[in-house]
Amino acid sequence: MSIPTVESHTRISRYGLVNAFLVREEDGLTLIDTAIKGSAKKILAAAADLGEPIVRIALTHAHGDHIGSLDELRAALPDAEVLISSRDAILLTGDKTLQEGETGKIKGGFPGAKTKPTRTIEGGERVGSLEVIATPGHTPGHLAFLDTRDRTLYCGDVFSTLFGVYTSAQANPLFPLPYFATWSKEIELESAIELRTHEPSALAPGHGPVNIDALEQIDDAIAKAAEIGTKG
Ligand SMILES: [Zn+2]
């Protein structure tokens, strides 16, 4: 009944560390994130292998390791839609100013991009087969994308799977980068709990391999982060 998750997308990985994903839709491919600078060639080659055009670029958040190749790709794909949350669209300009209701410090690298979104998107909307889920915390406007056909969850940096499944509310001692770049650990943990309620069949993160049948690992990651607490 359900489509095997491994066939629903193509993972493009740089050094096994940073991912972008191509998701098949009826009208072409949706690219989720663009990885670090210099990844456009590899992403375009993967799309060519699939024999489909990239018709839209959906960004989970505006950190440099997710938007790094946006301008290069935009130059090659002038007609593609570019989608990001309205909140992270501000960060995409390189502006780290706190917005109304936000406290703390927005962390991580925001090199910005020349490319402007063609449209901003928010939780509850659809992008082709993908349900957009607001998952603030890592950045204030972070988004996750759930493929409603097979329940693959493109979770951005809410979870990482490199050397184990972790939320970004807790430092993975072997890969602490997502933790150090997280704005609010408390809100990040709430978003991780929210994503769990969608019962994903596979976890496709910004960093690390795609984990199929990851519910138990997700539960463990949430429990561990809750145990250490998110204050301070
Ligand atoms: Zn990030």
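Both ligands and their constituent atoms are indexed starting at 1 by order of listing.
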Open item on the list: A quick test of your reading: do over 12 heavy atoms of other residues, nucleotides or ligands sit less than 6.0 Å from CG of D213?
Closed with: no
*asked:* Can you confirm whether K42 is buried at NZ, in the sense that more than 12 heavy atoms of other residues, nucleotides or ligands lie under 6.0 Å from that atom?
replied: yes
Distance-only donor-acceptor check, side chains [X] and [Y], under 3.5 Å:
{"X": "H9", "Y": "D147", "answer": "no"}
{"X": "D95", "Y": "T93", "answer": "no"}
{"X": "H142", "Y": "D88", "answer": "no"}

What lies under 2.8 Å from the Zn ion (ligand 1), restricted to protein N/O/S atoms, is H61 NE2, H63 ND1, H138 NE2, D157 OD2
Would you confirm whether E188, through its side chain, and S168, through its main-chain N or O, come within 3.5 Å as a donor-acceptor pair?
yes
